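Single-structure report; data block below.
These numbers were taken from a predicted model, which means no experiment stands behind them. Residue numbers begin at 1 in each chain, while the letters A, B, ... track the order of the sequences.
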Amino acid sequence: MVYMSKKQRTAINPTREENFPKWYQSVVREADMAEMAHVRGCMVIKPWGFGIWENIQQILGQQIKDCGVKNAYFPLFVPLSYIEKEAQHVEGFAKEMAVVTHHRLENTENGLKPSGELTEPLIVRPTSETIIGESFASWIQSYRDLPLKINQWCNIVRWEMRPRVFLRTSEFLWQEGHTAFATAKEAYDDTIQMLKIYKDFSQERLAMPVIDGVKPSYDKFPGAIDTYCIEAMMQDGKALQAGTTHNLGTNFSKAANIMFTDTDGEQKHAHTASWGVSTRLIGGVIMTHADDNGLRLPPEIAPAQIVIIPIQRGKDEQEDAQVLEYAKKLKDSFKGLTFGKFNTKVNVELDDTLIKSSTKKWNWVKKGVPIQIEVGPRDIPENKFVARLRSEETYEKHFLTIDQIKTEIPKFLETIQKTYFDQAKERLDSSIKEVDSFDELKDLFAKDYKGFVLAPWNPCDEEDVRLKELKITIRCVPFEYKKEDKKCILTGEDTNIKAIFAKSY
RNA sequence: CGGGGUGUGGCGCAGUUGGCUAGCGCGCCUGCCUUGGGAGCAGGAAGCCGGAGGUUCGAGUCCUCUCACCCCGACCA
């Protein structure tokens, strides 16, 4: 038996150290973010979790619009024949498709039975390249119709074998951008530009540092010329692909016949690209920032940056009423307050539920609200309140007065945001090891290494079986690293390219 | 889809070689007492033990089938 003092007691059990996957599930449950639905592989996203997604939609959505992209919406159902048009695309997605074959239920002796078989089965979109391509083909006729930039926020279905809340579910929410250009360069530039948007969003809003780069050819999106990605490192050292962009070249425009008449009068295929991020980002935020007391939300994407907890002692009704009154007044004092370089609005929640205040406070610790404010009878005469920052492990009290809100609260929020990023960045930077041989790589992971490895690699078209056996994947060839003439750790060939090797989600 | 495991109040679990009113911790409700970092005491509600069938005087426990979930592979944002 281990002696456990009250101080060591953690809100989340098991701890990260003890069992990372269970810790993760526990954080999701205790923070009241989501739960697995009774429908296989699907999740119910609860308000506190969905609030994060809404912020992602709102902030990233605006950034996407700022790139000249318009939002639209395309059908959930994709005719089978559309998918069939791009050979690699079919191969890549065939094994995880939900297929609709009937359009009616018939009441029989044995219960409801599907009837009215469709002449052509419909696929529930696993992604929308093909169906959007069909629209693009009819929308685009001349170079004057280009570039065409469309985005949709929607749900998609991939019949996953092993679901995990936020990280891998059969149905999930995402944003998929689809763009078409007259030239290959523009399509390429678009994939690079959008990757940059994702990277900045991830780092500046989610406080989640990422490595951007290009996927090995065998790991690219089915039907793409190249796939680019941002890779984040979770606290267990595993990589999480947090966003991707695909340069589709003319593969899909050939399949869907997206053609335009160019300035020279020639009929040409458009060059297309696609890019997306999903609710997986929320899983990334959890595994990047949460600790053994639960979630820690970066202020930039927290559904509420501040919760006010009235300390009502239940002894004196009048006193309790005054405290609540004061709490409301305090809440109003935050109106119009913003923080950070993006002037993000400060949202304040007043927790006036009947739950005991001490319990209440722990609930909000677990939910990861950046700042907890408590107000009690003693604060009223002096217009005071107590603020505690989720980023401080000691949950120290900061005594403030109402007129200090405008100056101090934004500072606190900026500090928390920065602290979370710095901690994650420090972890990432100190967990990238460089090696020059396969044996070193193997030894490292054999010793339960938690982190990334940067090593010389000569790009090839097939995954190395030795890596597969070690459950290690090449995450990407990063855009930035020191170029040196070395030997590929897998083939021994000369190369000046390096790749990130890691275990992954 | 292959290999392994688990299904018992909301959550986490215990339940001996079948045996009497099915337990424990947390949570929930009521009361007293407390309240500025997870309080205490007393009382209470809540489970046809995943489902179906079987063996038996008797099944949470044994057998058969089935479903679901978890872990390991294959696949993946």
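Here A:V277 lies out of heavy-atom contact (under 4.0 Å) with every strand. Using a 4.0 Å heavy-atom cutoff across all strands shown, A:P377 reaches at least one base atom of the nucleic acid. Using a 4.0 Å heavy-atom cutoff across all strands shown, A:A242 reaches no nucleic acid atom at all. In this structure, A:W362 reaches the bases: a heavy-atom distance under 4.0 Å links it to at least one base atom across the strands shown. Using a 4.0 Å heavy-atom cutoff across all strands shown, A:Q241 reaches sugar-phosphate atoms only and no base atom. Nucleic acid contact class of A:G276 (heavy atoms, under 4.0 Å, all strands): none. Counting non-hydrogen atoms under 4.0 angstrom, A:L240 reaches nothing in the nucleic acid.
Applying the 5.5 angstrom centroid cut-off and the 30 degree plane-angle cut-off, the aromatic ring of A:Y395 is stacked upon the base of B:G37. A stacked arrangement is assigned to A:F172 and the six-membered base ring of B:A77, with a centre-to-centre distance below 5.5 Å and an interplanar angle below 30°.
Here the side chain of A:T169 is nearest to one of B:G37, B:A39, B:A77, namely B:A77. Among the nucleotides B:G37, B:G36, B:C75, the one closest to the side chain of A:I311 is B:G36. Ranking B:G36, B:C76, B:A77 by closeness to the A:S278 side chain, first place goes to B:A77. Here the nucleotide nearest the side chain of A:K471, chosen from B:C76, B:G37, B:G73, is B:G73. Closest to the side chain of A:K397, out of B:G37, B:C75, B:A39, is B:G37. The A:R388 side chain lies nearest to B:G37 when the options are B:G37, B:G36, B:G73. In the set B:C76, B:G36, B:C75, B:G36 carries the atom at the smallest distance from any side-chain atom of A:D379.
A:E231 pairs in a salt bridge (Lys or Arg N to Asp or Glu O under 4.0 Å) with only one of the listed residues (A:K238, A:K503, A:K215), which is A:K215.
OP1 or OP2 of B:A39 lies within a sub-4.0 Å distance of a side-chain N or O belonging to A:K356. At B:C75, one or more side-chain N or O atoms of A:K468 fall inside 4.0 Å of OP1 or OP2 (strictly under the cut-off). Between A:S358 and B:A39 there is a side-chain polar atom (N or O) within less than 4.0 angstrom of OP1 or OP2.
Applying the salt bridge (charged side-chain N to carboxylate O under 4.0 Å, His left out) criterion to A:K149, with sequence neighbours excluded, gives no partner residue. Every residue was checked against the ring-ring contact (aromatic ring centres under 6.0 Å, His included) condition with A:H102, not counting sequence neighbours, and none meets it. Partners of A:R125 according to the salt bridge (charged side-chain N to carboxylate O under 4.0 Å, His left out) rule, which considers only residues two or more places apart in sequence or in another chain, do not exist here.
Put simply, the side chain of A:E396 does not reach to within 4.5 Å of the side chain of A:R388, judged on heavy atoms.
In the region residues 192-204 of chain A, proximity to RNA chain B at under 4.0 angstrom, judged on heavy atoms, holds for none of the residues. Taking every heavy atom of residues 22-31 of chain A and every atom of RNA chain B, pairs under 4.0 Å involve A:R29, by number.
Ring geometry, A:F221 versus A:H89: the interplanar angle falls from 30° to 60°, so the pair is classed tilted.
Consecutive Watson-Crick or G-U pairing (both distances under 3.5 Å) extending over three or more pairs maps onto RNA chain B as B:1-7 with B:67-73, B:10-13 with B:23-26, B:28-32 with B:40-44, B:50-54 with B:62-66.
Here the side chain of A:Q235 pairs a donor or acceptor atom with the backbone of A:T288 at under 3.5 angstrom. Counting only distance, with no hydrogens or angles, the side chain of A:N293 and the backbone of A:A11 share a donor-acceptor pair below 3.5 Å.
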